Amino acid sequence: MGLRIIVFVVVLLGVTGSPTVTIRPEAASVDNSTHPNRVPETAGETQIFGQQKVLLEEAEVDVMETGELNPNHYPAQRAAKVVQHYLNTLYGSPYRVFGLHRVHSGNAEDLVNSGRKYQLNISVQELISNKTEKCSAEVLFPRGEQQRSSQVQASCEELLKINTKAQEEALYQQYKTSQSVLTAHLPDSYGHIDPDMEPFWRLGTVASSFVMLNESTEDTLYNMAQVANITQLATENDQLKFDYHILLHEMVSQEIIHWKLLFTWSPAEGVKVLQMEQLPHCHDCEIPPTTN
Ligand SMILES: *[C@@H]1O[C@H](CO)[C@@H](O)[C@H](O)[C@H]1NC(C)=O
Ligand SMILES: *[C@@H]1O[C@H](CO)[C@@H](O)[C@H](O)[C@H]1NC(C)=O
Ligand SMILES: *[C@@H]1O[C@H](CO)[C@@H](O)[C@H](O)[C@H]1NC(C)=O
Ligand SMILES: *[C@@H]1O[C@H](CO)[C@@H](O)[C@H](O)[C@H]1NC(C)=O
Ligand SMILES: CC(=O)N[C@H]1CO[C@H](CO)[C@@H](O)[C@@H]1O
């Protein structure tokens, strides 16, 4: 959620002939579809100081930070997290998983009629190689009638050069002809993942990023909490095929959300999600020990 703050609207009139300066909260539009920059009509108090007319509005509202962002606050962190999911959907594999390491700087702006754009400087980490790289990225959260997913651009060239071909090929060959229920609960209730299952946990992380990218808004922060179970289906068209049950943790609402994902993977084609389905609210799902 945004910051709870007291908003002061200050209108300066005619000072040395300069145009009207309005400092206005961007919050008015957060929960509404009205014009993003509209100035609230309700003003608590009006005072005239010489040529300055000061409108004071005291209102507790959820404010979306605009302009330069505090890199440690939610708005920058949430937008940056979407970049992580985006990179995973494009380049993730059982041996290449991206994580948000740090947000260095960022800003946000309202785009009239189209949404809000975040520009970010972040460090992204590749979890297996433990390499980090500074990347610049842009995230657009669309606004409007049709709820579309966020649009992301990011450049992290160095991390994409990490070569994982050999491990991927070995995993592929090992599982190409099998078909079974692989396991459940990664990590288990002790936070442990069997080393043999680590590539499948990472594959689950990458596949979940498709859901998280699709579902993320300015008001969410998703992590994968657990791979509940994995079923390997018969290989089709040289693609390993999986049915995963995944628990996502939405940090803002503190909800655990249960998804079923059908996807394929091969070293050549990467991860392709065929179907994703949110399952009914999960009552007895416990939050497993945090891994990320
Ligand atoms: C949004 O604005 C409409 C009218 O424009 C109003 O009816 C509605 O209550 C507003 N919603 C919120 C959440 O402020
Ligand atoms: C990102 O970093 C560059 C170089 O330090 C800087 O010029 C740019 O303003 C930064 N962008 C954002 C959005 O903070
Ligand atoms: C990852 O790299 C950092 C330094 O870049 C180091 O401090 C850390 O211990 C490394 N972690 C692992 C798991 O190797
Ligand atoms: C996978 O886990 C979910 C949730 O725990 C459960 O509903 C489902 O029946 C499990 N499927 C298999 C094949 O074990
Ligand atoms: C927010 C968003 O874009 N959600 C989409 C996620 O993907 C499904 C289909 O896979 C769409 O129907 C949703 O609109």
Side-chain angles (χ1 to χ4, degrees), residues 69 71-72 75-108 117-141 149-172 186-187 193 195 197-216 220-225 227 239-240 242 244 246 248-249 251 261 263-273 290-292:
L69 300 174
N72 300 316
Q77 292 286 328
R78 286 188 287 231
K81 201 74 179 172
V82 178
V83 180
Q84 166 188 323
H85 300 318
Y86 169 79
L87 292 171
N88 277 329
T89 60
L90 285 185
Y91 311 112
S93 88
Y95 294 94
R96 183 153 67 185
V97 180
F98 300 100
L100 173 63
H101 185 59
R102 252 189 83 190
V103 180
H104 299 287
S105 65
N107 63 59
K117 186 170 81 174
Y118 287 75
Q119 288 175 303
L120 302 161
N121 284 324
I122 59 179
S123 282
V124 175
Q125 182 174 26
E126 197 287 306
L127 302 178
I128 319 291
S129 63
N130 193 28
K131 284 192 179 138
T132 58
E133 183 185 352
K134 273 195 174 185
C135 314
S136 59
E138 216 176 88
V139 182
L140 175 70
F141 292 104
S149 301
S150 47
Q151 292 155 33
V152 185
Q153 287 169 32
S155 53
C156 310
E157 273 116 44
E158 289 306 310
L159 289 182
L160 305 184
K161 290 181 189 160
I162 298 165
N163 191 336
T164 55
K165 275 211 181 81
Q167 295 114 300
E168 289 182 16
E169 195 55 36
L171 186 76
Y172 178 76
L186 306 177
I193 299 176
M197 283 299 129
E198 277 178 4
F200 295 101
W201 175 80
R202 294 191 289 258
L203 203 47
T205 307
V206 171
S208 316
S209 275
F210 283 83
V211 178
M212 295 189 276
L213 177 65
N214 182 304
E215 294 291 307
S216 289
T220 60
L221 186 62
Y222 283 101
N223 277 305
M224 187 182 76
V227 175
Q239 307 294 307
L240 305 192
F242 299 97
Y244 269 58
I246 282 168
L248 302 184
H249 185 196
M251 314 283 284
L261 283 173
F263 66 90
T264 60
W265 171 76
S266 72
E269 302 282 318
V271 175
K272 298 260 188 293
V273 174
T290 314
T291 48
N292 53 3

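On a predicted model such as this, the values are computed, not experimentally measured, just so you know. Every heavy atom of this structure was used, including side-chain atoms; hydrogens, water molecules and symmetry mates were not.
Between Lys81 and Leu100, the closest heavy-atom pair is N-CD2, 4.0 Å. In terms of heavy-atom proximity, Ala76 sits nearest to Leu120 at O-CD2, 4.2 Å. Here the closest non-hydrogen pair linking Val83 and Ala154 is CG1-CB, 3.9 Å. Residues Pro94 and Leu203 come closest through the heavy atom pair CG-CD1, 3.8 Å. Contact record, Ser150 with Ser216: OG-O, 4.4 Å, taken as the closest heavy-atom pair. Taking both residues in full, the closest heavy atoms of Ile246 and Ser208 are given as CD1-OG, 3.4 Å, listed atom of the first, atom of the second, then distance.
In this view, Glu198 and Arg202 satisfy the salt bridge (charged side-chain N to carboxylate O under 4.0 Å, His left out) rule, not counting sequence neighbours. In this structure, Lys165 has no salt bridge (charged side-chain N to carboxylate O under 4.0 Å, His left out) partners at least two apart in sequence or on a different chain.
Separation of atoms CZ (Arg102) and CD1 (Ile122) is listed at 12.0 Å; rounding is to 0.5 Å. Interatomic distance, Leu240 CG to Leu171 CG, rounded to the nearest 0.5 Å: 7.0 Å. The OG atom of Ser123 sits 9.0 Å away from atom CD of Gln125, with the distance rounded to the nearest 0.5 Å. Distance check: Gln77 CD to Leu69 CG gives 10.5 Å after rounding to the nearest 0.5 Å. With rounding to the nearest 0.5 angstrom, the SG atom of Cys156 is 9.5 Å from the OH atom of Tyr86. Taking OG1 of Thr205 as the reference point, atom OH of Tyr244 lies at 8.5 Å (rounded to 0.5 Å).
Put simply, the residue from Glu215, Arg78, Gln84 that forms a side-chain contact (heavy atoms from CB on, under 4.5 Å) with Tyr222 is Glu215.
For the pair Val82 and Leu213, the minimum side-chain heavy-atom distance is below 4.5 Å. Residues Gln239 and Ser266 have side chains in contact (heavy-atom distance under 4.5 Å, counting atoms from C-beta outward).
Relative orientation of the Phe242 and Phe263 rings is tilted, given thresholds of 30° and 60° on the angle between their planes.
The main-chain N or O of Ser105 is never found under 3.5 Å from a side-chain atom of Asn121 such that the two would form a donor-acceptor pair. In this structure, Arg96 contributes its side chain and Thr164 its backbone to no donor-acceptor pair below 3.5 Å. Side-chain atoms of Ser149 come within 3.5 Å of backbone N or O of Asn214 as a donor-acceptor pair.
The stretch residues 124-139 participates, sequence neighbours left out, in no salt bridge (Lys or Arg N to Asp or Glu O under 4.0 Å) pair at all.
Tyr118 has its ring centre less than 6.0 Å from the ring centre of Phe141.
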Determine whether Phe98 and Leu159 satisfy the following criterion, side-chain contact (heavy atoms from CB on, under 4.5 Å), listing intermediate values before the conclusion. CA-CA 9 Å; Phe98 300 100; Leu159 289 182; 3.8 Å; yes
Would you check, one step at a time, whether the test side-chain contact (heavy atoms from CB on, under 4.5 Å) holds for Val103 with Asn72? CA-CA 7 Å; Val103 180; Asn72 300 316; over 6 Å; no
